[in-house]
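Each remark here refers to the structure printed beneath this line.
Sequence lines set the chain letters: A, B, ... in the order given, protein chains first and strands last, and positions in each chain run from 1. Since the structure is predicted, the reported quantities are computational estimates derived from the model, not experimental observations.
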There are 2 protein chains.
Amino acid sequence: MEEFKLFEAEYKFMEIIWELEPINSTELTKVCFEKLGWKKSTTYTMIRKLAGRGILKNENATVVALIKREEVQKHDSEVLLKRTFNNSLPIFLAAFLQDKKLSRQEAEEIKKMIEEATK
Amino acid sequence: MEEFKLFEAEYKFMEIIWELEPINSTELTKVCFEKLGWKKSTTYTMIRKLAGRGILKNENATVVALIKREEVQKHDSEVLLKRTFNNSLPIFLAAFLQDKKLSRQEAEEIKKMIEEATK
DNA sequence: AAGCTAAGTTTATTGCGATAAACCTTTTTT
DNA sequence: AAAAAAGGTTTATCGCAATAAACTTAGCTT
């Protein structure tokens, strides 16, 4: 559970990795400098911390993610729903949709997903 | 926009206020001590900070919220959707519903809401 | 009038996420 | 063989949210 919690900087970093993995660690320091403005040591610090938590691994200078983006997304959704909406999808939607309009296509897509998730 | 962003401690604090408002400030220090373990000065510090940001007001020792819980809920939802799901409700639902089952009643409720939010 | 309580403010301290300087070792290039 | 680049680690620093100690002032109570 808790293993999927990422702080802001960690999340931005992982987004880069999910996009580019597998990626050489030196190459990664360059990308992080360009996209995040990080110094080399900052990137390596991040690699080490996330490796220690099983979020990614760095072997032979090659960095790969050990958890999927979808797992983190799911975790984040659940945290928000639990913390803020008493774990209720209808309550969430009421808040989120307030004053928003969906296209016909989005609506159909969503209804289909709801239908599929119904026992 | 940014005015609705609450940090964790602030959020827990506001939950108490939304539940009990209007509430006398001394009474509030007692509740915060019981529920959050905060000392009196911590509660007053929090009151002052949030008052400065227009989140609540404290007049004649009576504290009331100036923003509604629903506004914060909406803000938090939008932040998550933007940050994590490319602002797409279907993508969010795909992640959240994965391996979850909805009751028939929930499903109907949700579909109705979707329908109402469709242009 | 002396003490107590309510209702705060001023000013620190703490904890931790974010960031990086400085240093080290090994491999590659010239 | 000297220099440079790759691939790191050790150890700090910084910023800021979280928390609170200590002090103040005014009203109420005995």
Side-chain angles (χ1 to χ4, degrees), chain A residues 2-17 20-67 72 75-76 79 83-84, chain B residues 2-17 20-67 72 75-76 79 83-84:
Chain A
E2 260 328 276
E3 68 230 67
F4 297 131
K5 183 192 167 45
L6 297 181
F7 293 99
E8 272 306 310
E10 293 171 347
Y11 189 82
K12 286 184 201 143
F13 179 67
M14 285 306 296
E15 286 203 301
I16 290 172
I17 291 174
L20 302 178
E21 68 171 334
I23 182 170
N24 167 268
S25 59
T26 296
E27 175 63 18
L28 183 57
T29 65
K30 285 171 190 160
V31 175
C32 287
F33 179 73
E34 285 159 19
K35 297 208 181 180
L36 305 174
W38 289 3
K39 304 293 177 182
K40 185 186 68 154
S41 55
T42 303
T43 296
Y44 278 108
T45 298
M46 206 46 103
I47 291 174
R48 205 167 346 96
K49 278 189 62 180
L50 293 179
R53 280 156 54 198
I55 307 286
L56 53 74
K57 68 175 177 184
N58 181 17
E59 273 173 23
N60 311 318
T62 300
V63 176
V64 294
L66 292 179
I67 65 177
V72 174
H75 173 263
D76 288 352
V79 167
R83 170 189 123 149
T84 307
Chain B
E2 260 328 275
E3 68 229 68
F4 298 132
K5 181 188 166 49
L6 298 181
F7 294 99
E8 271 306 309
E10 293 171 347
Y11 189 83
K12 287 184 199 145
F13 179 67
M14 285 306 295
E15 287 203 301
I16 289 172
I17 291 174
L20 301 177
E21 70 172 332
I23 181 170
N24 166 269
S25 60
T26 297
E27 175 63 17
L28 183 56
T29 65
K30 286 171 189 161
V31 176
C32 287
F33 180 72
E34 287 158 20
K35 298 208 181 180
L36 305 175
W38 290 2
K39 305 293 179 182
K40 186 186 67 152
S41 56
T42 303
T43 297
Y44 277 108
T45 299
M46 206 47 103
I47 290 173
R48 203 166 350 96
K49 277 189 61 180
L50 293 179
R53 279 157 53 198
I55 307 285
L56 53 75
K57 68 174 177 184
N58 179 17
E59 272 174 23
N60 311 318
T62 299
V63 175
V64 294
L66 292 179
I67 64 175
V72 174
H75 173 263
D76 287 353
V79 168
R83 169 189 123 148
T84 307

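Using a 4.5 Å heavy-atom cutoff, the side chains of Val63(B) and Glu21(B) are not in contact. Within the 4.5 Å cutoff, side-chain heavy atoms of Arg53(B) are placed close to those of Leu50(B). Between Thr42(B) and Leu36(B) the shortest side-chain heavy-atom distance does not fall below 4.5 Å.
Partners of Tyr11(B) by side-chain contact (heavy atoms from CB on, under 4.5 Å), not counting sequence neighbours, listed by chain and number: Arg83(A), Thr84(A), Leu6(B), Glu15(B), Trp18(B), Val72(B), Asp76(B). Not a single salt bridge (Lys or Arg N to Asp or Glu O under 4.0 Å) links Lys12(B) to another residue, sequence neighbours left out.
At least one test fails for Lys35(B) against the ring of Phe33(B): distance under 6.0 Å to the centre or angle within 45° of the axis.
The salt bridge (charged side-chain N to carboxylate O under 4.0 Å, His left out) contacts involving residues 23-34 of chain B comprise nothing, where partners must be two or more places apart or lie in separate chains. Here ring pair (Phe, Tyr, Trp, His ring centres under 6.0 Å) pairs that include residues 36-62 of chain A, with residues two or more places apart or in two chains, are Phe13(A)-Trp38(A).
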Per-nucleotide protein contact along nucleotides 9-26 of chain C, 5' to 3', at a 4.0 Å heavy-atom cut-off (B base, S sugar-phosphate only, - neither), is BB------SSBBBB----
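Interface residues of residues 24-32 of chain A facing DNA chain D, ordered by number: Asn24(A), Ser25(A), Thr26(A); criterion, heavy-atom separation under 4.0 Å.
Between the NZ atom of Lys5(B) and the P atom of dC16(D) there is a distance of 13 Å, rounded to whole Å.
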